[in-house]
There are 2 protein chains.
Amino acid sequence: MTELSTMKDGVANQAEASDRVLQILAEAGRLFASKGFEGTSMRDIALACGISKSLLYHHFSNKDEIYARVAVGSTLELYLFVRDRIPDGPPSQKIRAFMVATAEYFRRYRWAWIASTTAFWNDPDRSRHKERLTRRDRFENFLRGLIQEAIDAGEIRKVDVPMTGRLILSSLNWMHRWYNPNKSATPEQIAEVFFDMIFNGLRSGELVALPSPEPPKSGRRKSR
Amino acid sequence: MTELSTMKDGVANQAEASDRVLQILAEAGRLFASKGFEGTSMRDIALACGISKSLLYHHFSNKDEIYARVAVGSTLELYLFVRDRIPDGPPSQKIRAFMVATAEYFRRYRWAWIASTTAFWNDPDRSRHKERLTRRDRFENFLRGLIQEAIDAGEIRKVDVPMTGRLILSSLNWMHRWYNPNKSATPEQIAEVFFDMIFNGLRSGELVALPSPEPPKSGRRKSR
DNA sequence: GTTTTCACCGACCGATCGGTCAAGCCCGGC
DNA sequence: GCCGGGCTTGACCGATCGGTCGGTGAAAAC
């Protein structure tokens with residue numbers, strides 16, 4: 001099993017890569033993340049690395065390959081990374097561990113993560129990302145499995161499983177838009193807070209047993 | 001007060017604009033949303049509109065202005081749009097209305113919304129978006145005010161207000177990444193579901209504290 | 001009837017894009 | 001000595017970028 005062996009400078013899973021290649025991947029990831037795929041030129045990457053543009057083509061066949069290495073490196077092992085951090089125990093705690101582990105992955109490979117998640121959606125040629133999509137589905141299905149498990153165990157109420165998964169992933173995936181590594185808490189701590197809010201709810205303690213998924217008063221709707 | 005008067009083809013707040021300008025804004029918004037700002041050329045926009053590239057420069061001074069009109073149109077009135085849909089009543093219901101109204105705005109101006117939220121983050125020159133940032137802050141502060149109100153009213157527990165706001169906005173802002181207008185429920189319905197999950201929590205209903213006459217269900221009891 | 005205005009277009013500009021190529025540079029093995 | 005091969009380079013390519021220009025034709029204004 002792949003052991004997530006070589007992780008350096010935030011570039012994951014680039015086992016047999018030379019230092020120069022790792023440098024290129026790190027700089028390219030940072031640039032893709034901040035300026036987007038189309039907004040980043042090969043000259044930008046070369047300049048950031050302090051090398052000539054030609055050298056990029058010595059190590060990579062084209063721009064797409066650089067992006068692919070960056071993106072694949074960031075999502076390749078996310079599923080394995082998270083799965084290996086799910087402890088035995090109550091399903092709700094597995095969900096909590098899922099969120100914390102995902103946040104940890106985000107913290108470690110932040111630039112590559114952002115690059116792959118942002119560039120992907122602006123790319124009209126989605127077929128290029130098929131492998132990435134497959135992994136993403138596996139990751140999301142894994143979470144849905146945990147949620148179903150928690151429902152079956154009676155730990156959480158009978159909510160819509162895909163929607164619950166989307167809510168949880170939203171809280172994690174949107175982090176890169178506001179997370180400031182200098183100011184905020186760690187991503188892991190943030191994930192803990194979000195888990196608490198989603199699992200226990202915001203409502204103050206007096207809760208009655210309420211199996212109905214509907215909000216209390218559906219009335220009042222100001223039309224204008 | 002601005003009345004959100006002219007909204008056509010999903011292009012908001014373009015009052016005195018001609019049909020052609022509205023067409024350009026609509027097509028540009030759609031293209032920016034799907035291919036990003038850098039990935040969309042002026043030729044692309046002209047082709048999508050069935051006009052010459054020169055005509056774009058007759059109606060707009062440059063590419064940035066087209067983007068600005070698209071982005072400003074989508075966020076200009078978000079705050080007012082949502083504020084006007086907050087009913088009187090319990091603060092928790094105000095938060096619910098906030099989420100539903102934001103979702104409605106997303107549904108109406110989907111392309112412009114996506115274009116402005118995605119292109120913005122890939123733009124190294126953030127100063128261009130200062131006005132947009134100001135509005136975004138006002139919008140977020142408005143939500144935080146509602147949350148604080150709900151805490152003061154005892155409706156929700158003493159959570160971290162900024163973090164709670166981020167969780168709520170995450171659930172709404174991430175929607176454009178997975179929402180499929182042909183398959184899923186309406187954004188408003190999704191917002192209702194998310195509100196229910198966040199407000200009531202996922203945990204199956206057990207009494208916590210409070211002098212409730214009901215006998216606690218035997219068995220499983222989780223602290224926290 | 002003439003002039004002004006305005007939506008609109010094709011041709012074109014310099015700059016930059018992704019990508020190529022032939023030729024060094026450097027260094028260990030002979 | 002000098003020879004090969006991996007790392008590195010600058011000059012260069014065709015295509016496309018955002019943007020400009022002079023002009024056209026028809027309606028509005030005079």
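Just so we're on the same page: letters track the sequence lines, and every chain starts at 1.
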Taking [atom1] from [X] and [atom2] from [N], how many angstroms apart are they, rounded to a whole number?
{"X": "Q23(B)", "N": "dA7(C)", "atom1": "CD", "atom2": "P", "result": "14 Å"}
{"X": "H59(B)", "N": "dG18(D)", "atom1": "NE2", "atom2": "P", "result": "18 Å"}
{"X": "F60(A)", "N": "dC7(D)", "atom1": "CZ", "atom2": "C1'", "result": "14 Å"}
{"X": "K35(B)", "N": "dC17(D)", "atom1": "NZ", "atom2": "C1'", "result": "13 Å"}
{"X": "D44(A)", "N": "dG19(C)", "atom1": "CG", "atom2": "C1'", "result": "16 Å"}
{"X": "Y57(B)", "N": "dC9(C)", "atom1": "OH", "atom2": "C1'", "result": "15 Å"}
{"X": "M42(B)", "N": "dA15(D)", "atom1": "CE", "atom2": "P", "result": "23 Å"}
{"X": "L55(A)", "N": "dA23(C)", "atom1": "CG", "atom2": "C1'", "result": "15 Å"}

By nearest-nucleotide position on DNA chain C, the 5'-leaning member of R20(B) and K53(B) is R20(B)
Out of dC9(C), dT9(D), dG18(C), minimum distance to the side chain of I51(A) belongs to dT9(D)
**Item:** N/O (side chain, H58(B)) to phosphate O (OP1/OP2, dC8(C)) under 4.0 Å
**Value:** no
Exercise for the section: Check whether any side-chain N or O of S41(A) sits under 4.0 Å from OP1 or OP2 of dC17(C), and answer yes or no. Expected result: yes
Cation-pi between R138(B) and F142(B): NZ/CZ under 6.0 Å from ring centre and within 45° of the ring axis? no
Considering only NZ, NE, NH1 and NH2 on the basic side and carboxylate oxygens on the acidic side, decide whether E104(B) and R108(B) come within less than 4.0 Å. yes
Tell me whether D88(A) at atom CG has more than 12 heavy atoms from other residues, nucleotides or ligands lying less than 6.0 Å away. no
Walking DNA chain D from its 5' end, the first of R43(A) and G50(A) to be reached, judged by nearest nucleotide, is G50(A)
For F60(A), the ring-ring contact (aromatic ring centres under 6.0 Å, His included) test, sequence neighbours excluded, returns none
